[in-house]
Number of protein chains: 2
Amino acid sequence: MDAVTRRGDQAARAANSRLVHDFGLLIKAATRLEQRIDTALRQDCGIGHTMFEVLIRLCRQPGEEVSQRVLADDVTLTSSGITRLVDRMEEAGLVRRVPSPEDRRSVLVEPTDDGRAVFLRAVAVHARVVERYFVTPVARDDYARLTGSLHQIHQALRDGTD
Amino acid sequence: MDAVTRRGDQAARAANSRLVHDFGLLIKAATRLEQRIDTALRQDCGIGHTMFEVLIRLCRQPGEEVSQRVLADDVTLTSSGITRLVDRMEEAGLVRRVPSPEDRRSVLVEPTDDGRAVFLRAVAVHARVVERYFVTPVARDDYARLTGSLHQIHQALRDGTD
DNA sequence: GGTCAATTACTGACCAGTCAATTGCTGAGT
DNA sequence: ACTCAGCAATTGACTGGTCAGTAATTGACC
């Protein structure tokens, strides 16, 4: 058996490994779910999934304004990404930028009343899809463990630096 | 209490709902994990996460060639996305295109020996990150349930058409 | 056997994000 | 009080994807 064949078999073993398979499940489930929600939101509300995530953060407590930096961290975008996203959302009349009174580098963002209205419609669409493809398929008593595990992973990512 | 305030509270309730929070966990965990892997792979192997996923599929059984269509489905890309990705991978010497003998519309893709070598290095990097941020943080006896749930979600997405 | 709808890959135009560099501001150390 | 390292936001150049449209091929049906 020559070196190339041996490498092929080794690669096959790796490609079929448990770890690779399991992790693939996470990635595929998440991306496909996100896509479904994105297209549903676009159809019914005219916004995409990332704008929706921004609105979630902004609506969390009424009257609170959130800096772009915080927003970027929360939505998993770079600061330039957030700049451009907020540009589009401002353009669409969903949010307003207001200069931060206590730090003149910072820009605060708040939802417009229109933004909140869109959010309310969007959240219904979101709930429908999530209910159907995330909650329902999971066995009743596995759901808590699932979210618990995701929480742990989230923590690990937040803490781990390498 | 005026209409705007009422809407604000309603939005806040929605934004803090269990469903929104739980699903957010899935999305954030997945995207951050994918980013970690992507940067690790780029540093150590010069390929990104999507190329890696293609290689996984291509290496699964040695000698097998896979059509771009199948590849696109597997990696969750459109067919034009795959065309361009395979362009870059061919350019980089990781894969080879060969015309399908039984369907002249179709293009088959196979890894080069170089591609397999890169894959073997990449899979080690991948394993390190996945082990650390996906396996370890999850309680020993929750892991099986986690992957089981993900499998169910995956199924639901495959079957559901709306 | 000829027609036609469906399927595969590819392409141009575009979109949504990244990265690297820049500007303006802040706060800690001396 | 002054400097200076670091942070927030923005911008230009780029990357990696989408979408809509096209051409070639296929297979099912009459």
**OP:** Using whole Å, report how far CD of A:Glu53 lies from P of C:dG17.
**Re:** 11 Å
Original post:
Taking the side chain of B:Gln68 as heavy atoms from C-beta outward, which of D:dT10, C:dC10, D:dG17 is closest to it?
Top reply: C:dC10
**OP:** Classify the nucleic acid contact of A:Leu77 as base, sugar-phosphate or nothing, counting any heavy atom under 4.0 Å across all strands shown.
**Re:** sugar-phosphate
Original post:
Could one point to a donor on the side chain of A:Ser106 or the base of D:dC7 with an acceptor on the other under 3.5 Å away?
Top reply: no
**OP:** For the pair A:Thr147 (side chain) and B:Asp22 (backbone), establish whether a donor and an acceptor sit closer than 3.5 Å, ignoring hydrogens and angles.
**Re:** no
**OP:** Report yes if at least one side-chain N or O of B:Arg42 is closer than 4.0 Å to OP1 or OP2 of D:dG16; otherwise report no.
**Re:** yes
**OP:** Report the distance from atom NE2 of A:His49 to atom C1' of C:dG17, rounded to the nearest whole Å.
**Re:** 16 Å
Subject >> Among B:Arg96, B:Arg97, B:Arg84, salt bridge (Lys or Arg N to Asp or Glu O under 4.0 Å) partner for B:Glu90 >> reply: B:Arg97
Original post:
Counting just side-chain N and O atoms, does B:Thr78 come under 4.0 Å of either OP1 or OP2 of D:dT18?
Top reply: yes
Subject >> Short side-chain to backbone donor-acceptor contact, A:Asn16 and A:Ala12, under 3.5 Å >> reply: yes
**OP:** Could you tell me the separation between the CD1 atom of B:Ile47 and the P atom of D:dG16, rounded to a whole number of Å?
**Re:** 13 Å
Original post:
When only distance counts, do a donor and an acceptor, one from the side chain of B:Arg105 and one from the base of D:dT26, lie under 3.5 Å apart?
Top reply: no
Original post:
Does the base of C:dC25 carry an N or O that pairs as donor and acceptor with the side chain of A:Arg104 under 3.5 Å?
Top reply: no
Original post:
Taking for each residue the nucleotide of DNA chain C with the nearest heavy atom, is it A:Arg88 or B:Arg97 whose nucleotide lies nearer the 5' end?
Top reply: B:Arg97
Original post:
Taking the inter-plane angle between the rings of A:Phe52 and A:His49 on a 0 to 90° scale, is it parallel (under 30°), tilted (30 to 60°) or perpendicular (over 60°)?
Top reply: tilted
**OP:** Mind calculating the distance between CD (B:Glu102) and C1' (C:dT8) to the nearest angstrom?
**Re:** 14 Å
Subject >> Gap between atoms CD1 and P, on B:Ile82 and C:dC10 respectively (whole Å) >> reply: 10 Å
Original post:
For DNA chain C, whose closest nucleotide is more 5', that of A:Thr76 or that of A:Asp103?
Top reply: A:Thr76
Subject >> Distance, rounded to the nearest Å, where A:Arg69 contributes CZ and C:dT26 contributes C1' >> reply: 16 Å
Original post:
Considering the terminal five base pairs at each end of the helix from C:dG1-D:dC30 to C:dT30-D:dA1, what angle separates the two local helix axes, rounded to 10°?
Top reply: 20°
Original post:
Is any N or O donor-acceptor pair between the side chain of B:Arg84 and the base of D:dT15 shorter than 3.5 Å?
Top reply: no
Subject >> Contact check, side chains of B:Glu53 and A:Ile27, non-hydrogen atoms, under 4.5 Å >> reply: yes
**OP:** Kindly indicate, with the supporting measurements, whether the criterion side-chain hydrogen bond (donor to acceptor under 3.5 Å, both in side chains) is fulfilled by B:Arg32 and A:Thr76.
**Re:** CA-CA 8 Å; B:Arg32 286 183 182 151; A:Thr76 322; 3.3 Å; yes
**OP:** Whole angstrom is fine here: how far is it from CG in B:Asp73 over to C1' in C:dT8?
**Re:** 12 Å
**OP:** Give the rounded distance in Å between these two atoms: CG of B:Leu71 and P of D:dG17.
**Re:** 12 Å
Original post:
Looking at A:Asp9 and B:Pro62, what are the two nearest heavy atoms and their distance?
Top reply: OD1-CG, 3.7 Å
Original post:
Within the structure shown, what part of the strands sits under 4.0 Å from A:Thr50 by heavy-atom distance: base, sugar-phosphate, or nothing?
Top reply: sugar-phosphate
Original post:
Rounded to the nearest 0.5 Å, what separation is found between the NE2 atom of A:His126 and the CZ atom of B:Phe23?
Top reply: 5.0 Å
